[in-house]
Amino acid sequence: MARPSRYPLELRHRAVRMVAEVCDDYPNETAALQVVADKLGIGSRETLRNWVKQQEIDAGQRPGTTKEESAQLKALKKENAELKRANEILKAAASFFAAELDRPHTRS
């Protein structure tokens, strides 16, 4: 069985559409998810449930972070980490130069 992230995007979209179509035919969402997962050979209804949730988030039907927002957050976190590292370097340099200024210098 393949990892969920390895499934083709077309399969994900088709599976989500199928769940929406058959959801009313079953007593609960779990049963509908299991039937669709078995029919498509997905292997796990939890995988399918995650796809449905992500589709709802991306469509604005459910609160959460969209893929675009997630990418923006990742870029901001990376930029923040780079700025923190640059700040540490500047602090170390300032500390070094302050120590050099305080140290008594002798001429030879």
Side-chain angles (χ1 to χ4, degrees):
M1 177 175 60
R3 289 181 28 196
S5 61
R6 306 274 172 134
Y7 288 111
L9 189 59
E10 299 82 26
L11 177 64
R12 291 173 148 203
H13 291 303
R14 179 176 176 215
V16 170
R17 282 193 310 269
M18 286 178 70
V19 169
E21 291 171 359
V22 302
C23 204
D24 293 335
D25 299 341
Y26 294 92
N28 56 40
E29 183 188 35
T30 302
L33 290 170
Q34 188 63 52
V35 168
V36 173
D38 291 343
K39 188 172 186 174
L40 295 176
I42 293 172
S44 169
R45 69 174 177 256
E46 283 305 311
T47 297
L48 188 52
R49 185 184 320 269
N50 290 338
W51 294 352
V52 171
K53 284 181 184 178
Q54 188 60 51
Q55 178 66 27
E56 291 172 352
I57 289 169
D58 291 341
Q61 299 168 346
R62 178 187 208 110
T65 305
T66 64
K67 292 177 187 174
E68 182 180 309
E69 292 168 338
S70 180
Q72 289 173 345
L73 286 174
K74 187 176 180 179
L76 287 173
K77 285 180 181 180
K78 182 178 178 182
E79 184 179 345
N80 191 34
E82 291 171 358
L83 290 172
K84 283 183 178 181
R85 179 69 181 136
N87 193 31
E88 290 173 7
I89 292 170
L90 289 173
K91 283 182 182 179
S95 176
F96 172 78
F97 287 121
E100 283 296 309
L101 289 174
D102 290 342
R103 187 172 63 91
H105 295 280
T106 58
R107 289 187 165 202
S108 34

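Note that this is a predicted model, so its numbers are computed, not measured. One is the number of the first residue; the rest follow in order along the sequence.
Partners of N80 by side-chain contact (heavy atoms from CB on, under 4.5 Å), not counting sequence neighbours, listed by chain and number: K84.
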Stepwise salt bridge (charged side-chain N to carboxylate O under 4.0 Å, His left out) test for R85 and E82 = CA-CA 5 Å; R85 179 69 181 136; E82 291 171 358; over 6 Å; no
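In this structure, D25 and V35 have side chains that are not in contact, with every pair of non-hydrogen atoms separated by 4.5 Å or more. Residues K74 and K77 form no side-chain contact, since every pair of their non-hydrogen atoms from C-beta on lies 4.5 Å or further apart. At least one side-chain heavy atom of W51 sits under 4.5 Å from a side-chain heavy atom of I42. Side-chain contact between R49 and E29: present, with at least one pair of heavy atoms (C-beta onward) separated by less than 4.5 Å.
Between the CZ atom of F96 and the CG atom of L101 there is a distance of 10.0 Å, given to the nearest 0.5 Å. Rounding to the nearest 0.5 Å places CE of M18 at 4.5 Å from CG of L40. To the nearest 0.5 Å, atom CZ of residue R17 and atom CD of residue Q55 are 9.0 Å apart.
Remark: E79 CD is loosely packed, at most 12 non-hydrogen atoms of other residues, nucleotides or ligands lying under 6.0 Å away.
One side chain, D38 or Q34, offers a donor N or O that lies under 3.5 Å from an acceptor on the other.
Summarising the geometry of A37 relative to L48, their closest heavy-atom pair is N-CD2, 3.8 Å, with the distance given to 0.1 Å. The heavy-atom pair separating A32 from C23 by the smallest distance is CB-CA, 4.0 Å.
Under a 4.0 Å N-O distance rule, the pair E56/K53 does not qualify as a salt bridge. Salt bridge status for E100 with R103: present, with a side-chain N to carboxylate O gap under 4.0 Å.
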